[in-house]
A.B. asks: 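My questions all concern the structure below.
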Amino acid sequence: MIVRELDRSTAPSAVEAVFEGLSARSRYLRFHAPAPRLTSAMRRALTDVDGHDHAAVAAVSGGRSIGIARLIATGCGRAEIAVSVADAWQRRGVGRRLLTALGDLAARLRYTELYGEVLPENDVMLRLVRRAFPGVRLVREDDVMRVIYPIGWASLTLTHEDLLADLLRT
């Protein structure tokens, strides 16, 4: 398996392959709603990568994309992230490699914080972000868990939330 950065020419086939490899449950966990098919609007949004404001990496095995992690800039050095791995490849280290590569890419692009939303029942993803992003904060907000990961020098800032989260873990 290799992990490579996607561009506008490689993103469409990668998005199609990974989406086809997701079960209905995996699609629900990724999109937070039923997603029986890839609509043209979803396809446009997922494939419009520019390498900076919307960047993505794909895990490829045997010439076929098996997972994608992406970031989308939201301003002030922050970017929202998302990851999906085809069901046949889940729990085999693909997600961790994707998130690690995405974190490295975000640092090269000079982002200072990555964040995302995970459904609370998605225990596998919550464990994955804890392993892939040391120092990540998980904050419950309404019906989602917000994942907050400072990058580089920003990760050296200790907040009250960090202290509280560490106290609650013990």
Side-chain angles (χ1 to χ4, degrees), residues 15 18-19 22-39 41-50 52-59 67-87 90-91 93-170:
V15 167
V18 173
F19 190 85
L22 298 176
S23 65
R25 176 77 176 146
S26 292
R27 290 174 184 173
Y28 175 80
L29 291 173
R30 163 60 179 91
F31 296 104
H32 300 199
R37 63 184 182 82
L38 193 57
T39 66
M42 289 170 66
R43 187 175 288 106
R44 274 192 307 277
L46 294 172
T47 61
D48 188 25
V49 295
D50 63 15
H52 188 272
D53 292 335
H54 183 177
V57 293
I68 297 175
R70 70 182 63 253
L71 64 80
I72 298 176
T74 57
C76 298
R78 299 177 74 225
E80 185 172 11
I81 62 170
V83 63
S84 52
V85 175
D87 285 30
Q90 291 179 8
R91 296 188 176 112
V94 176
R96 187 172 185 170
R97 287 199 47 199
L98 285 168
L99 284 177
T100 299
L102 190 68
D104 292 345
L105 176 60
R108 281 195 317 272
L109 296 173
R110 301 192 184 271
Y111 285 96
T112 57
E113 183 179 274
L114 300 177
Y115 71 93
E117 294 180 348
V118 178
L119 293 174
E121 67 259 31
N122 195 346
D123 294 327
V124 172
M125 182 58 68
L126 293 171
R127 282 193 304 271
L128 171 62
V129 296
R130 283 187 187 111
R131 285 192 311 268
F133 292 154
V136 70
R137 276 192 330 200
L138 301 175
V139 179
R140 179 76 184 238
E141 289 184 2
D142 299 319
D143 58 348
V144 298
M145 295 296 293
R146 181 170 286 271
V147 173
I148 305 166
Y149 180 60
I151 298 173
W153 63 268
S155 67
L156 301 176
T157 304
L158 188 62
T159 66
H160 293 290
E161 290 85 7
D162 295 327
L163 292 171
L164 183 58
D166 283 344
L167 287 172
L168 292 175
R169 270 188 237 150
T170 58

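Everything numeric in this text was worked out from a predicted model, so none of it was measured.
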A.B. asks: Which residues satisfy the salt bridge (charged side-chain N to carboxylate O under 4.0 Å, His left out) test with Asp48, sequence neighbours excluded?
C.D. replies: Arg8
A.B. asks: Enumerate the residue pairs fulfilling salt bridge (Lys or Arg N to Asp or Glu O under 4.0 Å) with a member in residues 74-86, sequence neighbours excluded, ordered by first and then second residue.
C.D. replies: Arg78-Glu113
A.B. asks: Scan residues 139-148 for pairs that pass side-chain hydrogen bond (donor to acceptor under 3.5 Å, both in side chains), counting only residues two or more places apart or in two chains.
C.D. replies: Glu117-Arg146, Glu141-Arg146
A.B. asks: Once side-chain contact (heavy atoms from CB on, under 4.5 Å) is applied, do any residues pair with Ala45, and if so which ones, sequence neighbours excluded?
C.D. replies: none
A.B. asks: Quick one, Leu102 and Arg70 - any side-chain contact, counting heavy atoms below 4.5 Å?
C.D. replies: no
A.B. asks: Output, in order, the C-alpha distance, side-chain angles, deciding distance and verdict of side-chain contact (heavy atoms from CB on, under 4.5 Å) for Leu138 and Val147.
C.D. replies: CA-CA 5 Å; Leu138 301 175; Val147 173; 3.6 Å; yes
A.B. asks: With heavy-atom distances below 4.5 Å as the criterion, would you say the side chains of Met125 and Val83 are in contact?
C.D. replies: yes
A.B. asks: Would you please name every residue forming a ring pair (Phe, Tyr, Trp, His ring centres under 6.0 Å) with His32, sequence neighbours left out?
C.D. replies: none
A.B. asks: Within the 4.5 Å heavy-atom criterion, are Val57 and Arg97 side-chain neighbours or not?
C.D. replies: no
A.B. asks: Tell me, please, which residues at least two apart from Asp87 pass side-chain hydrogen bond (donor to acceptor under 3.5 Å, both in side chains).
C.D. replies: Ser23, Ser26, Gln90
A.B. asks: If the condition is side-chain contact (heavy atoms from CB on, under 4.5 Å), which residues does Asp104 pass it with, not counting sequence neighbours?
C.D. replies: Thr100, Arg108
A.B. asks: State which residues pass side-chain contact (heavy atoms from CB on, under 4.5 Å) with Ala55; sequence neighbours excluded, sorted by chain then number.
C.D. replies: Leu71, Leu105, Leu109
A.B. asks: I'd like to check Leu29 versus Val124 (side-chain heavy atoms, cut-off strictly below 4.5 Å). Are they in contact?
C.D. replies: no
A.B. asks: So do Leu38 and Leu46 actually touch side chain to side chain, heavy atoms under 4.5 Å?
C.D. replies: yes
A.B. asks: Does a side-chain heavy-atom distance below 4.5 Å link Asp53 with Ile72?
C.D. replies: no
A.B. asks: So, using ring pair (Phe, Tyr, Trp, His ring centres under 6.0 Å) as the criterion, who are the partners of Tyr115 when residues are at least two apart?
C.D. replies: none
A.B. asks: Determine whether Phe19 and Arg30 make a side-chain contact, defined as any pair of heavy atoms from C-beta on separated by less than 4.5 Å.
C.D. replies: no
A.B. asks: Taking side-chain contact (heavy atoms from CB on, under 4.5 Å) as the test, write out the residues that go with Ala33, two or more places apart.
C.D. replies: none
A.B. asks: Under a 4.5 Å cut-off applied to non-hydrogen side-chain atoms, are Leu99 and Phe133 in contact?
C.D. replies: yes
